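The next block holds one structure in the form of structure tokens; read it before the comments.
Keep in mind that this is a model prediction, so the values were computed, not measured. In the text below, chain A, chain B and the rest are named by the order of the sequence lines, each starting its count at 1.
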Amino acid sequence: MHDLNYFREHLAQFEQMAGGRGAAIDFAAFRTLDRERREVITAVERLKSERNRAGEEIARRKRAGENADSLLSEMKGVSDEIKQADGRAAELDASLQQFMLSVPNLPHASVPPGRDAAANVEVRRWGVPPQFDFTPRPHWELGERAGILDLPRAAKIAGARFSLYRGLGARLERALANFFLDVHTRNGYTEYLPPFLVNTASLTGVGQLPKFAAEMFHLEGADLWLTPTSEVELTSMYRDETLDAALLPIKACAWTACFRSEAGAAGKDTRGILRQHQFQKVEMFKFTRPEQSYEELESLVRDAESLLQQLGLHYRVVQLAAGDMGFAAAKTYDLEVWLPAAGTFREISSCSNCEAFQARRSAIRFRPKGGKSEFVHTLNGSGLAVGRTWLAIVENYQRADGSIDVPAVLRPYMGVERIPPEQ
RNA sequence: GGAGGAGUGGCCGAGUGGUUGAAGGCGCCGGUCUUGAAAACCGUUAGACCCGCAAGGGUCUCGGGGGUUCGAAUCCCCCCUCCUCCGCCA
């Protein structure tokens with residue numbers, strides 16, 4: 001969310017941004033609403049000021065044993081007026097709030113313009129694609145043959161877009177999560193294990209609500225949703241707090257399951273486990289001072305990259321264009337890993353600086369030495385999506401016989417050097 | 001799930017309808033003193049919003065929401081959170 005005064009004074013800039021992002025925002029409605037709201041507030045505050053003054057006078061007269069009946073009956077009328085105007089002000093306030101909550105973040109000056117992924121810019125590449133003297137198989141074939149992934153039975157348990165890992169497949173998933181967390185904690189990120197269910201206030205604070213309710217699972221009869229990403233939990237743990245400035249930047253990481261309804265994704269990536277209703281992710285998160293957030297974004301990306309490098313997976317870093325970024329992000333880098341069966345790069349991590357957008361919604365501040373409190377900047381990045389790393393390893397490390405080599409860094413976690421072709 | 005208790009400013013803690021945005025203490029920040037520091041003393045110390053070029057003025061906020069009243073931290077109703085005991089449970 002944006003600062004109301006800033007928004008009002010820079011409307012042209014926001015109108016331009018909305019055009020660039022393809023966001024439909026009714027600026028005319030805002031102007032009307034904003035004007036009316038301020039008129040009503042000004043009027044009601046004048047009445048309240050009058051009431052407060054009269055209240056003091058009534059108290060004074062009563063103490064002095066004088067009669068205050070005339071003032072009392074006069075104020076009765078004023079009080080009714082206030083009640084009415086206050087109701088109207090509350091309505092307008094709520095409408096304005098809803099409007100402001102639906103305005104996406106402004107892209108940083110370094111973000112390439114463009115409405116969609118076609119305008120994204122490749123920043124760098126690492127490694128080379130593995131060479132095969134056979135046709136590489138997709139992970140669902142390899143997984144099924146090796147007995148480490150059972151999608152038909154997952155469908156029996158829960159339905160399409162759910163997975164059931166088995167044996168060394170389950171172990172690989174667990175090994176990856178442990179490996180990621182071990183690296184992050186060595187790099188100074190504090191490990192958290194948060195709730196997987198989150199409330200409406202938390203989702204609103206990060207920008208997931210009110211606009212993206214359809215992309216999540218909601219519990220019946222409770223104000224709880226299945227978390228779509230632990231970015232929600234890690235942001236919200238400090239909601240309504242003023243952080244100790246000396247502690248910034250604060251670095252956190254967490255392993256959680258993530259749940260997405262993938263509404264509107266029908267027909268996309270239906271084979272395999274690339275796009276699931278439930279997947280695991282290790283998230284990296286930072287709370288920083290405003291002046292250091294872009295520097296911290298670069299190091300966040302490098303922290304994510306180092307995981308792929310240690311795993312020996314070929315990848316590229318892509319900077320997202322304005323129109324391809326998430327609602328809350330001011331600048332985003334995606335890490336895309338090479339998938340040999342499809343012969344394409346696919347997203348495995350997304351690292352964003354949200355600047356003060358989430359901090360303002362969530363009221364997360366810090367106080368500079370001797371100064372007024374300010375909003376922190378929040379950054380998040382996957383480090384990494386575990387399920388997608390799983391399938392990247394299976395595909396990139398496959399051998400002709402259908403067995404899968406275990407990357408060296410994972411062997412201590414796996415206890416084996418290779419996943420055999422049949423189990 | 002049942003019974004009881006509690007939620008006040010960065011923290012502790014007063015306050016049961018009328019200069020209480022809130023005593024007092026602690027902490028923090030600034031200053032005086034000091035070669036420096038400590039101590040002592042003085043001062044400051046939340047956020048949001050509205051009017052205003054500004055200076056400044058005003059409104060709201062005592063877990064959240066609603067109500068009673070000219071006026072509510074103080075009275076009433078609903079909800080939330082925490083604590084204790086019971087039940088249940090991994």
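Spacing of P atoms, B/G24 relative to B/G30, comes out at 23 Å, to the nearest Å. Atom name C1', nucleotides B/A46 and B/U84: the rounded distance is 33 Å, in whole Å. As rounded to the nearest Å, B/U81 and B/G64 have P atoms that lie 15 Å from one another. Taking atom C1' in both B/C53 and B/G65, the straight-line distance is 40 Å, to the nearest Å. For B/C62 and B/A48, the C1' atoms lie 16 Å apart once the distance is rounded to whole Å. Only the P atoms considered, B/G58 is 16 Å distant from B/U20, to the nearest whole Å. Comparing B/G10 with B/U16, their P atoms are spaced 23 Å from each other, to the whole Å. Spacing between B/C76 and B/G17 at atom C1', rounded to whole Å, works out to 13 Å.
Donor-acceptor pairing under 3.5 Å is lacking for the side chains of A/Glu355 and A/His377. A donor-acceptor contact under 3.5 angstrom links the side chains of A/Glu305 and A/Tyr315, judged on distance only. No side-chain N or O of A/Gln319 forms a donor-acceptor pair with one of A/Tyr333 less than 3.5 Å apart.
Here B/U59 presents its P atom at 23 Å from CZ of A/Arg88, a figure rounded to the nearest Å. Distance, A/Asn199 CG to B/C79 C1': 14 Å, rounded to whole Å. Going from atom CG of A/Leu47 over to atom C1' of B/G58 covers 13 Å, rounded to whole Å. Taking atom CD of residue A/Glu50 and atom P of nucleotide B/C51, one finds them 19 Å apart after rounding to whole Å. In this structure, CZ of A/Arg8 is placed 9 Å from C1' of B/C50, rounded to the nearest angstrom. Whole-Å rounding puts the A/Arg51 CZ to B/A72 P distance at 6 Å. Rounded to an integer number of Å, the gap from CD of A/Glu9 to C1' of B/C49 is 14 Å. Rounded to an integer number of Å, the gap from NZ of A/Lys48 to C1' of B/A48 is 13 Å.
Base pairing of B/C53 is not made with any nucleotide, judged by Watson-Crick or G-U wobble geometry with both donor-acceptor distances under 3.5 Å. Nucleotide B/U81 is matched to B/A6 when pairs are restricted to Watson-Crick or G-U wobble geometry with both distances under 3.5 angstrom. If you check B/A46 for Watson-Crick or wobble pairing at under 3.5 angstrom, you find it paired to B/U61. Across all strands shown, B/U19 remains unpaired; no Watson-Crick or G-U wobble contact has both distances below 3.5 Å.
The phosphate of B/U68 (OP1 or OP2) has a side-chain N or O of A/Lys83 nearer than 4.0 angstrom. Distances shown here put every side-chain N or O of A/Lys62 at or beyond 4.0 Å from the OP1 or OP2 atom of B/G18. For B/G71, neither phosphate oxygen OP1 nor OP2 lies less than 4.0 angstrom from any side-chain nitrogen or oxygen of A/Arg61. OP1 or OP2 of B/A46 has not a single side-chain nitrogen or oxygen of A/Thr242 nearer than 4.0 Å. A close approach under 4.0 Å does not occur between any side-chain nitrogen or oxygen of A/Arg37 and OP1 or OP2 of B/C51.
Counting only distance, with no hydrogens or angles, the side chain of A/His184 and the backbone of A/Gly383 share a donor-acceptor pair below 3.5 Å. Panel note: side chain A/Ser362, backbone A/Arg239; no donor-acceptor pair is recorded below 3.5 Å. Within the 3.5 Å criterion, the main-chain N or O of A/Glu347 finds no donor-acceptor partner in the side chain of A/Glu336.
Looking at which nucleotide of RNA chain B each of A/Glu45 and A/Glu56 is closest to, the 5′-most match is held by A/Glu56. If you find the closest nucleotide of RNA chain B to A/Gly55 and to A/Arg38, the one lying nearer the 5' end belongs to A/Gly55.
Exactly one of A/Phe99, A/Phe375, A/Phe357 qualifies for a ring-ring contact (aromatic ring centres under 6.0 Å, His included) with A/His2. That residue is A/Phe357.
At a threshold of 4.0 Å, the pair A/Asp324-A/Arg115 does not count as salt-bridged, since none of the basic side-chain nitrogens sits closer than that to a carboxylate oxygen.
Within 4.0 Å (heavy atoms only), A/Arg46 reaches no atom of the nucleic acid at all. No contact: A/Arg35 has no heavy atom under 4.0 Å from any strand. When heavy atoms are screened at a 4.0 angstrom cut-off, A/Ser373 is found touching the sugar-phosphate backbone but no base atom. At a threshold of 4.0 angstrom between heavy atoms, the contacts of A/Asn52 are confined to the sugar-phosphate backbone, with no base atom among them. Within the nucleic acid shown, A/Leu72 comes within 4.0 Å of at least one base atom, counting heavy atoms only.
Of all nucleotides listed (B/U59, B/G47, B/C49), B/G47 comes nearest to the side chain of A/Arg365. Of the candidates B/U59, B/C50, B/G71, B/G71 carries the atom nearest the A/Ser79 side chain, counting heavy atoms from C-beta on. Set against B/G18, B/C60, B/U59, the side chain of A/Ser49 has B/U59 as its closest nucleotide.
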